[in-house]
Asks: 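Have a look at the structure that comes next, please.
Small disclaimer: the values here were computed from a predicted structure and weren't measured. Order of the sequence lines sets the chain letters (A, B, ...), proteins ahead of strands, with each chain counted from 1.
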There are 2 protein chains.
Amino acid sequence: MALMSKNPAAPPVPTRDRLLDAFEELLVEGGERSATLDAVAAAAAVSKGGLLYHFASKDALVDAMLARLVALAREDAENIRTAPAGPVDYLIRTSVHTGSPLDRAYIAGSRLAQGRDLRARQVLTEIRRRWLSVIEDAVHDTDTAQAIMLISDGLYVNSSLAERELTPPTHTDEAMTRLIALIGRLLPST
Amino acid sequence: MALMSKNPAAPPVPTRDRLLDAFEELLVEGGERSATLDAVAAAAAVSKGGLLYHFASKDALVDAMLARLVALAREDAENIRTAPAGPVDYLIRTSVHTGSPLDRAYIAGSRLAQGRDLRARQVLTEIRRRWLSVIEDAVHDTDTAQAIMLISDGLYVNSSLAERELTPPTHTDEAMTRLIALIGRLLPST
DNA sequence: TTTACTGTACCGGCTAGACGGTATACTTGT
DNA sequence: ACAAGTATACCGTCTAGCCGGTACAGTAAA
C-alpha cells in the first residue's frame, strides 16, 4: 500500500535526462546504427520535435551525453581512490557490467568511439588516463598499474560483448575475488 | 630494375577479396556506420552493381567477412600453440594492432559485434574461447589463463582506440617485453 | 506570458537493393 | 571453322524508404 510503482513524492525524471538515458540505452544495445533521433525520441516517449527542443542536433545530444559521462567518471575516480577495499579491488569489481549509470555511459561512449567521433575517443582516452593515474598512485609501479588497467579494459570488453547471451555468468563475485587475488601477485614485493 | 611495384607474374588480387578488404578497412576506420555498400564499392574501385554481383546482400558480405575471420583465427590458434617463444609471448605481442590480416578482420568483427549482429558476437566469442583454451593448455591454470586473456583483450581495445592519434607509441616492443615479464609473475610457481 | 512540449508536414541526401545492359571468354553443335 | 549459346564479371540507373534536420501551428501547465 505504501509502495507504489514510484515514490509519489519523487520528482519525475526530467525529459532531458530521459532522452540522454534513451540515447545511451540504444547505443549500448544496438550500437551507433540503432541510435537514430527517431529511435531516441520514441524510446524516451517524446516526440521528435520534443527531442530537438532539448538538443538542437544530434551533435548536441552526443556532447551532452559525453559531458554526463565525464562528470560520472570524475566522481568515480574519487570513489576508486577512497574505496575501503582499496582502489584495485574497486576498479576490478566495477569493470564488469553492473548496470550502473557510469557503466552504461562508458559503454555508450565506447560505441561512439568505434565510429568516427573524435570527441568520444578523446573523452574515453582522458577517462582511462585518469583511472590509470589513480591506480599508479595506489600500486607505485607504472608497469603494474598499466597491466591492471588492461585487465579492467578486458573485463569491460567481455561483459559488454557476452552480455545477456546464454552464457552462464562468467564473472561471478567469486571469480572476481580470485582474479583480484591473482593480480596481487603482480605487485612488486616491497 | 628487377623490382617493379608488383611482381609482374603475380596474379591480381581478386575483386571479391578486394571488396572484403575494403569492407574490413571501413569498419576498422569508421565503424558500422561508415561501412555502407556504396562506400565499400568505392573503396574497392568497383561499382555497386559489381559488389552486389559478388555479394547478393550486405548480409552476405558480413557472412563472408566473418567466414574469413574464422579461418584466419583458426590458423592463428595453431600459431599460438606452436610459437617458439611460447604461447603467452605470442598472444600478447600480437594483441597490439600490427596491421596483420587477422588483426584487421578481428577488429572489423568486433565493430559489427557492437551493433545488433548476433553472428559477429558468436564468432568473436568462439574465437576467444579457442584462444583461451590454448593458453589454458600452456599455463595449466584456468584463472591465470583468464587473466592473460583479459590483458590481451585490453591491449586490443587500447590499440584500436588510441590508434593513430597524437599518442606516442605506448605499446613499444620494449613495453611488451616488460608486460610479458610481469605476466610471468601470475604463473603459479611450480 | 513563458516554458515545455506534441504533431504533422516536409526536404535533401543517403542506403540497400533491384534490374537491365554489356564485354569477354569458353563451349558446343554442325 | 564458325555460328550460337552460355557463364562470368562486371557497370549504370533507378527506387522505396530511412535519417537528420527544419518549420510551424497548437496545447497545457505554472
Side-chain angles (χ1 to χ4, degrees), chain A residues 6 8-66 68 108 111-120, chain B residues 10-66 68 108 111-112 114-120:
Chain A
K6 277 200 173 190
V13 179
T15 302
R16 202 188 123 94
D17 292 329
R18 270 177 24 237
L19 285 165
L20 289 176
D21 291 346
F23 185 39
E24 285 179 359
E25 198 62 28
L26 283 163
L27 280 172
V28 171
E29 298 294 324
E32 345 166 40
R33 205 116 196 215
S34 317
T36 67
L37 293 187
D38 281 310
V40 171
V46 168
S47 71
K48 193 175 174 181
L51 193 171
L52 288 163
Y53 171 77
H54 288 284
F55 305 101
S57 68
K58 195 169 190 182
D59 246 43
L61 185 62
V62 170
D63 280 338
M65 199 271 270
L66 292 177
R68 209 170 68 163
R111 300 291 197 225
L112 288 181
Q114 305 277 301
R116 297 216 175 279
D117 202 306
L118 235 290
R119 295 162 297 175
Chain B
V13 179
T15 302
R16 202 188 123 93
D17 293 329
R18 274 180 17 239
L19 286 165
L20 288 176
D21 291 345
F23 185 40
E24 284 179 358
E25 197 64 26
L26 284 162
L27 281 171
V28 171
E29 299 292 323
E32 351 165 37
R33 202 109 195 225
S34 316
T36 66
L37 292 187
D38 280 311
V40 171
V46 167
S47 74
K48 197 170 174 181
L51 192 171
L52 287 163
Y53 169 76
H54 288 283
F55 304 100
S57 69
K58 196 168 189 182
D59 246 43
L61 185 62
V62 170
D63 279 337
M65 200 272 271
L66 291 177
R68 211 170 66 163
R111 300 293 197 222
L112 287 182
Q114 305 277 302
R116 296 216 175 279
D117 201 308
L118 235 289
R119 295 161 298 173

Asks: How close do B/Ser34 and B/Ala39 get, counting heavy atoms only, and between which atoms?
Replies: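 Taking every non-hydrogen atom into account, O-CB, 3.5 Å.
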
Asks: Is there a side-chain contact between A/Thr15 and A/Leu51, using heavy atoms and a 4.5 Å cut-off?
Replies: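 Of all side-chain heavy-atom pairs linking A/Leu51 with A/Thr15, none is under 4.5 Å.
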
Asks: Please list, for nucleotides 28-30 of chain D, all pairs of protein and nucleotide N/O atoms separated by less than 3.5 Å.
Replies:
none

Asks: Whether B/Arg33 contacts D/dG20 is assessed here as follows: a side-chain N or O lying under 4.0 Å from the phosphate OP1 or OP2. Is that the case?
Replies: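 It does, given that an N or O in the side chain of B/Arg33 lies less than 4.0 Å from OP1 or OP2 of D/dG20.
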
Asks: Check every atom of C/dA16, D/dG21, D/dC19 against the side chain of B/Leu37 and return the nucleotide holding the closest atom.
Replies: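 Given the options C/dA16, D/dG21, D/dC19, the side chain of B/Leu37 is closest to C/dA16.
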
Asks: Considering only nitrogen or oxygen atoms on both sides, find all protein atoms under 3.5 Å from nucleotides 5-11 of chain D and state each distance.
Replies:
{"from": "D/dA9", "atom 1": "OP2", "to": "B/Tyr53", "atom 2": "OH", "distance (Å)": "3.4"}
{"from": "D/dC10", "atom 1": "OP1", "to": "B/Thr15", "atom 2": "OG1", "distance (Å)": "3.3"}
{"from": "D/dC10", "atom 1": "OP2", "to": "B/Thr15", "atom 2": "OG1", "distance (Å)": "2.8"}
{"from": "D/dC10", "atom 1": "OP2", "to": "B/His54", "atom 2": "NE2", "distance (Å)": "3.2"}
{"from": "D/dC10", "atom 1": "O5'", "to": "B/His54", "atom 2": "NE2", "distance (Å)": "3.4"}
{"from": "D/dC11", "atom 1": "OP2", "to": "B/Ser47", "atom 2": "N", "distance (Å)": "2.6"}
{"from": "D/dC11", "atom 1": "OP2", "to": "B/Ser47", "atom 2": "OG", "distance (Å)": "2.6"}
{"from": "D/dC11", "atom 1": "O5'", "to": "B/Ser47", "atom 2": "OG", "distance (Å)": "3.3"}

Asks: Over how many whole Å does the gap from A/Phe55 atom CZ to D/dC19 atom P extend?
Replies: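 About 20 Å, once rounded to whole Å.
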
Asks: Given 3.5 Å as the limit, does a donor-acceptor pair link the side chain of B/Arg111 with the main chain of B/Leu27, or not?
Replies: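 Side chain of B/Arg111 to backbone of B/Leu27, a donor-acceptor pair under 3.5 Å: yes, one is there.
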
Asks: With heavy atoms under 4.0 Å as the rule, sort B/Leu52 into base, sugar-phosphate or nothing.
Replies: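 Answer is base: heavy atoms of B/Leu52 come under 4.0 Å of a base.
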
Asks: Return the value, rounded to whole Å, for the distance between atom CG of B/Asp38 and atom C1' of D/dC18.
Replies: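 Going from B/Asp38 (CG) to D/dC18 (C1'), I get 14 Å.
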
Asks: Answer yes or no: is there an ion pair linking A/Arg68 with A/Glu24, defined by an N-O contact shorter than 4.0 Å?
Replies: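 So A/Arg68 pairs with A/Glu24 through a salt bridge.
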
Asks: Between B/Leu61 (CG) and C/dG17 (P), how many Å, whole number?
Replies: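 After rounding, the gap between these two atoms is 10 Å.
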
Asks: Any side-chain heavy-atom pair from A/Gln114 and B/Val28 closer than 4.5 angstrom?
Replies: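 Answer no - side chains too far apart.
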
Asks: Between A/Val62 and A/Phe55, is the side chain to side chain contact (heavy atoms under 4.5 Å, CB included) condition met? List the steps.
Replies: CA-CA 9 Å; A/Val62 170; A/Phe55 305 101; over 6 Å; no

Asks: Got a donor-acceptor contact below 3.5 angstrom from the A/Arg33 side chain to the B/Arg33 backbone?
Replies: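 No.
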
Asks: Under a 4.5 Å cut-off applied to non-hydrogen side-chain atoms, are A/Leu112 and A/Met65 in contact?
Replies: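 A/Leu112 reaches A/Met65 side chain to side chain.
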
